Amino acid sequence: MSEQHATLLKKARERLVEDRRAFAKIIAAPFEREKTVDARARFVELQATIEATDRAIEDEEGGQGSV
């Protein structure tokens with residue numbers, strides 16, 4: 001059962017990384033005050049979520065190795 005959860009979490013992580021990349025593109029583009037500031041906040045939020053997902057994956061896999 002834990003393997004199924006780990007697989008689901010890994011898929012979720014992939015999606016989060018895709019979203020993070022999209023916000024990185026906005027941040028890297030020419031500065032547009034509101035759009036860029038919002039992208040920065042969302043980027044940080046996504047990074048925290050990715051890190052939490054990594055910990056959850058490790059937990060589901062029994063703490064063996066890293067993601």
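Here the structure is a predicted model, which means the values were calculated and not measured.
- Sorted by first and then second residue, the side-chain hydrogen bond (donor to acceptor under 3.5 Å, both in side chains) pairs involving residues 38-47 (not counting sequence neighbours) are Arg20-Gln47, Arg42-Glu45, Gln47-Glu51.
- With respect to Glu61 and Lys10, a salt bridge is recorded, a charged nitrogen being found less than 4.0 Å from a carboxylate O.
- Evaluation of the side-chain hydrogen bond (donor to acceptor under 3.5 Å, both in side chains) rule for Arg33 yields no partner, not counting sequence neighbours.
- Applying side-chain hydrogen bond (donor to acceptor under 3.5 Å, both in side chains) to Arg13 and the options Thr49, Asp54, Thr53 leaves one that passes, Asp54.
- Taking a cutoff of 4.0 Å between a charged side-chain nitrogen and a carboxylate oxygen, Asp19 and Arg15 qualify as a salt bridge.
- Nearest heavy-atom pair, Ser2 versus Glu60, reported as atom, atom and distance to 0.1 Å: CB-O, 3.2 Å.
- Its side chain within the 4.5 Å cluster rule, Ile50 clusters with Leu16, Val17, Phe23, Ile26, Ile27, Phe43, Leu46 among the Ile, Leu, Val, Met, Phe, Trp and Tyr residues.
- Here the CG atom belonging to Leu8 is positioned 9.5 Å from the CD1 atom belonging to Ile57, to the nearest 0.5 angstrom.
- Qualifying side chain to side chain contact (heavy atoms under 4.5 Å, CB included) partners for Glu32, counting only residues two or more places apart in sequence or in other chains: Lys35, Thr36.
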